[in-house]
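Remarks on the structure that follows.
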Amino acid sequence: LVAALLLLATPRIAGAGEVEAISTAYVAAAPARVFELLTDFDAWEHVFSGIRVLRTEQLDAERARLRHLTRVIGRPVACTMAVTLRPALLQLDLVLDDREPHDLAELASFWSVTPAPGGGSNVELRIVARSGFPIPEFVERRIVEQSARRSVDDLARALARVASIPAYAD
């Protein structure tokens with residue numbers, strides 16, 4: 001479960017049966033670079049472990065649709081996310097697209113990038129989810145928490161890899 005998120009400017013609070021997890025990290029990269037990689041949906045397969053991007057559709061400068069496949073408890077899970085990009089705020093929101101079929105009951109992911117004091121960036125991912133699978137809530141909570149942590153760690157590792165590639169002058 002990589003990030004999936006909300007079209008509203010103000011993220012909503014988890015409702016009945018939904019679980020919520022928040023994960024944060026500091027990265028040495030500038031906020032604009034973090035947001036650039038985060039919104040490069042074609043690169044997600046190389047950034048986030050366990051995700052396969054099936055289709056991306058850029059609707060305009062601030063909206064896109066992202067169809068992806070991942071695994072939850074060993075089961076393949078496909079979903080289409082309605083994506084809202086807010087470059088001025090360095091925020092990326094993804095929510096399940098109701099017009100498309102998907103394998104989860106609820107999924108919303110909210111990425112936020114802020115400048116860190118002294119340079120670099122603070123990255124936050126908030127996931128609100130309800131799988132709809134017949135599993136106990138504490139198991140679902142653990143899965144969502146692990147997914148949020150893994151996604152933030154994957155992004156941080158990808159940014160570190162990019163930073164270690166030397167730049168060549170023409």
Side-chain angles (χ1 to χ4, degrees), residues 1-6 10-15 17-53 66-86 89-96 102-133 135-164:
L1 287 171
V2 168
L5 311 358
L6 183 66
T10 304
R12 61 189 173 78
I13 304 297
E18 295 176 335
V19 294
E20 179 177 8
I22 298 173
S23 187
T24 61
Y26 166 82
V27 294
R33 178 65 187 117
V34 176
F35 194 72
E36 178 185 355
L37 182 59
L38 190 56
T39 57
D40 181 358
F41 304 121
D42 293 332
W44 274 29
E45 289 185 30
H46 306 288
V47 172
F48 300 108
S49 59
I51 190 168
R52 182 168 160 232
V53 175
L66 173 68
R67 177 99 176 136
H68 69 277
L69 179 68
T70 190
R71 297 187 85 68
V72 176
I73 323 172
R75 297 175 62 166
V77 174
C79 54
T80 300
M81 306 305 294
V83 181
T84 301
L85 299 96
R86 292 184 278 160
L89 299 173
L90 299 175
Q91 294 176 343
L92 175 68
D93 300 343
L94 302 103
V95 295
L96 285 177
H102 43 77
D103 297 333
L104 296 172
E106 300 285 334
L107 180 58
S109 304
F110 310 94
W111 288 93
S112 178
V113 181
T114 56
S121 304
N122 292 313
V123 177
E124 178 181 282
L125 170 60
R126 184 169 76 89
I127 298 175
V128 178
R130 182 171 55 87
S131 70
F133 300 154
I135 57 174
E137 184 178 329
F138 76 92
V139 172
E140 187 147 11
R141 179 171 309 287
R142 179 78 172 166
I143 290 167
V144 173
E145 289 170 350
Q146 289 174 344
S147 177
R149 180 77 260 153
R150 184 175 46 251
S151 295
V152 169
D153 289 348
D154 285 349
L155 180 64
R157 278 191 292 276
L159 286 160
R161 281 193 309 269
V162 171
S164 69

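Any value given below was found using the heavy atoms of this structure, including those in side chains, with hydrogens, waters and symmetry copies removed. Predicted, not measured: the structure shown is a model, and the values here were computed from it.
Under a 3.5 Å cut-off, the side chain of Thr70 and the backbone N or O of Gly50 do form a donor-acceptor pair. Side-chain atoms of Asn122 do not come within 3.5 Å of backbone N or O of Tyr26 as any donor-acceptor pair. The backbone N or O of Ala29 sits less than 3.5 Å from a side-chain atom of Ser121, completing a donor-acceptor pair.
In the model, Glu140 has a side-chain atom that pairs as donor or acceptor with a side-chain atom of Ser131 under 3.5 Å.
Rounded to the nearest 0.5 Å, atoms CG (Leu85) and CG (Leu92) are 5.5 Å apart. To the nearest 0.5 Å, atom CZ of residue Arg67 and atom CZ of residue Arg52 are 11.0 Å apart.
In terms of the salt bridge (Lys or Arg N to Asp or Glu O under 4.0 Å) criterion, Asp40 has no residue partners (sequence neighbours excluded). Here Glu45 pairs with nothing under the salt bridge (Lys or Arg N to Asp or Glu O under 4.0 Å) rule; sequence neighbours left out. Applying the salt bridge (Lys or Arg N to Asp or Glu O under 4.0 Å) rule to Arg142 yields no partners; only residues at least two apart in sequence or on another chain are considered.
Residue Ser23 is tested with Arg149, Arg150, Glu145 for a side-chain hydrogen bond (donor to acceptor under 3.5 Å, both in side chains); the sole match is Arg149. For the side-chain contact (heavy atoms from CB on, under 4.5 Å) with Leu90, the lone residue among Val123, Thr114, Leu38, Val113 that qualifies is Val113.
Relative orientation of the Phe48 and Trp111 rings is tilted, given thresholds of 30° and 60° on the angle between their planes.
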Notebook entry, point to check: Do Val27 and Val34 pass the side-chain contact (heavy atoms from CB on, under 4.5 Å) test, and can you show the C-alpha distance, the side-chain angles, and the key distance before you say yes or no?
Noted result: CA-CA 8 Å; Val27 294; Val34 176; 3.6 Å; yes

Next item on the list: Step by step, work out the side-chain contact (heavy atoms from CB on, under 4.5 Å) result for Val128 and Glu106.
Entry: CA-CA 8 Å; Val128 178; Glu106 300 285 334; over 6 Å; no

Notebook entry, point to check: Are Ile135 and Ile143 close enough, and set up right, to give a side-chain contact (heavy atoms from CB on, under 4.5 Å), and what steps lead you there?
Noted result: CA-CA 11 Å; Ile135 57 174; Ile143 290 167; 4.1 Å; yes

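Using a 4.5 Å heavy-atom threshold, the side chains of Val77 and Leu69 count as separate. The shortest distance between side-chain heavy atoms of Val83 and Asp93 does not fall below 4.5 Å. Contact annotation: the side chain of His68 approaches that of Met81 to within less than 4.5 Å [non-hydrogen atoms, C-beta and beyond].
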